[in-house]
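Just the heavy atoms: all of them, side chains too, but no hydrogens, waters or symmetry mates, feed the values below. Position 1 is the first residue of the sequence; numbering continues from there.
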Amino acid sequence: MTTTIPSARLFAEAEGPIRGELFSAERLEQHAENLAAAQGVSQDAGEGRPLIPRVLENGRILLEYYRATATTIQQGGTITPAAEWLVDNFYIVEEQLREIRDDLPPGFYRRLPKLAAGHLEGYPRVFGVAWAFVAHTDSRFEPDLLRRFVNAYQRVQPLAMGELWALPITLRVVLVENLRKLADSIVRSRRAREESRSARRWSAGKW
């Protein structure tokens with residue numbers, strides 16, 4: 001039986017960046033063991049919650065933000081360092097989006113074990129592993145730290161070969177999601193500043 005669960009709820013409920021307490025290497029290993037013990041896998045085969053539609057939406061939003069920021073630069077406006085980084089490195093973001101689409105085909109995604117409960121219910125278990133790693137490392141990727149995290153997880157609950165192969169892909173998915181969330185935050189801050197300046201100009205003209 002194929003089960004498809006909408007993905008909108010998770011992302012709508014988690015508007016802020018994917019960021020938890022920053023863990024040391026030892027604490028991260030302990031968290032991986034606890035996570036492995038807590039995560040149960042659904043026995044029902046099926047699609048679960050789809051990831052690719054959200055990846056495509058993130059790509060569209062980031063492209064819009066890139067174009068708007070580039071226009072601001074051309075017009076002589078000021079931008080934040082984070083916005084400048086996105087403009088300078090957007091080609092890397094596009095490359096990651098292409099790799100996600102190429103490396104996560106529907107047939108492969110369907111076979112990945114899905115989580116049976118929790119806020120990531122219906123998503124691949126390996127996506128939950130990637131989400132936890134990103135949250136507790138503040139999106140800083142260190143290969144040795146990732147190996148320690150995964151090895152600690154597997155001391156409690158072994159991952160399938162397909163899940164290990166999918167880990168780099170799902171890490172990209174989570175990091176792109178986090179980048180979109182950060183971009184949303186920057187856009188909201190920019191709009192608030194513009195509205196504040198407009199209000200001050202209106203007030204000055206009125207009085």
Side-chain angles (χ1 to χ4, degrees), residues 1-21 23 28 31-62 93 96-141 145-147 149-154 156-184:
M1 181 180 67
T2 299
T3 304
T4 301
I5 305 171
S7 62
R9 187 176 65 195
L10 167 71
F11 300 108
E13 292 174 350
E15 291 184 357
I18 302 168
R19 182 179 297 154
E21 181 183 350
F23 287 164
L28 197 63
H31 181 64
E33 292 176 349
N34 293 338
L35 187 68
Q39 285 185 329
V41 174
S42 173
Q43 299 303 311
D44 294 331
E47 296 284 353
R49 292 185 182 182
L51 275 176
I52 291 300
R54 179 64 178 190
V55 171
L56 296 177
E57 180 189 356
N58 287 342
R60 178 181 61 79
I61 295 296
L62 288 169
V93 177
Q96 299 307 309
L97 289 166
R98 282 195 299 271
E99 289 186 5
I100 292 169
R101 292 193 299 269
D102 292 344
D103 295 343
L104 202 60
F108 174 67
Y109 185 82
R110 203 160 30 239
R111 291 192 296 272
L112 291 173
K114 307 300 190 301
L115 292 170
H119 77 289
L120 295 178
E121 178 185 353
Y123 286 106
R125 173 170 59 178
V126 68
F127 179 65
V129 173
W131 187 287
F133 180 79
V134 169
H136 295 291
T137 57
D138 198 22
S139 297
R140 289 195 296 270
F141 176 71
L145 199 58
L146 177 62
R147 280 193 293 271
F149 185 75
V150 173
N151 287 340
Y153 187 100
Q154 293 199 107
V156 177
Q157 186 67 252
L159 295 168
M161 185 62 66
E163 291 179 287
L164 293 173
W165 190 85
L167 182 58
I169 309 169
T170 50
L171 272 173
R172 292 188 183 102
V173 173
V174 177
L175 289 169
V176 169
E177 175 69 27
N178 221 11
L179 183 60
R180 183 256 174 89
K181 291 176 182 295
L182 292 169
D184 284 344

For the residue pair [X] and [Y], what are the closest heavy atoms and their distance?
X      : Y      : answer
Val55  : Val173 : CG2-CG1, 4.0 Å
Arg49  : His119 : NH1-O, 3.8 Å
Lys181 : Ile18  : CE-CG1, 4.0 Å
Phe149 : Ala32  : O-CB, 3.2 Å
Phe141 : Leu146 : CE1-CD2, 3.5 Å
Gly59  : Leu97  : CA-CD1, 3.6 Å

Whether Phe23 and His31 hold their rings parallel, tilted or perpendicular, with breakpoints at 30° and 60°: perpendicular

Parallel, tilted or perpendicular, as decided by the 30° and 60° cut-offs, for the rings of Trp131 and Phe127: perpendicular

CA sep, side-chain torsions, deciding dist, call: Arg101, Leu56, side chain to side chain contact (heavy atoms under 4.5 Å, CB included): CA-CA 9 Å; Arg101 292 193 299 269; Leu56 296 177; 3.4 Å; yes

Full working for side chain to side chain contact (heavy atoms under 4.5 Å, CB included) between Val129 and Gln154: CA-CA 11 Å; Val129 173; Gln154 293 199 107; over 6 Å; no

Spacing of [X] atom [atom1] and [Y] atom [atom2] [to the nearest 0.5 Å]:
X      : Y      : atom1 : atom2 : result
Glu177 : Asn58  : CD    : CG    : 4.5 Å
Leu159 : Leu167 : CG    : CG    : 8.0 Å
Thr170 : Leu104 : OG1   : CG    : 8.0 Å
Glu21  : Asp138 : CD    : CG    : 12.0 Å
Ile169 : Gln96  : CD1   : CD    : 11.5 Å
Arg98  : Asp103 : CZ    : CG    : 12.0 Å

[X] versus [Y]: any side-chain heavy-atom pair under 4.5 Å?
X      : Y      : result
Glu163 : Pro124 : no
Ile52  : Pro50  : no
Val156 : Leu35  : no
Arg180 : Asp184 : yes
Leu112 : Arg125 : no
Leu164 : Val150 : yes

Stepwise salt bridge (Lys or Arg N to Asp or Glu O under 4.0 Å) check, Glu57 with Arg54: CA-CA 5 Å; Glu57 180 189 356; Arg54 179 64 178 190; 3.4 Å; yes

Ring center gap for Phe108 and Trp165 short of 6.0 angstrom: yes

Check: Arg111 side chain, Gly107 main-chain N or O, donor-acceptor pair, under 3.5 Å: yes

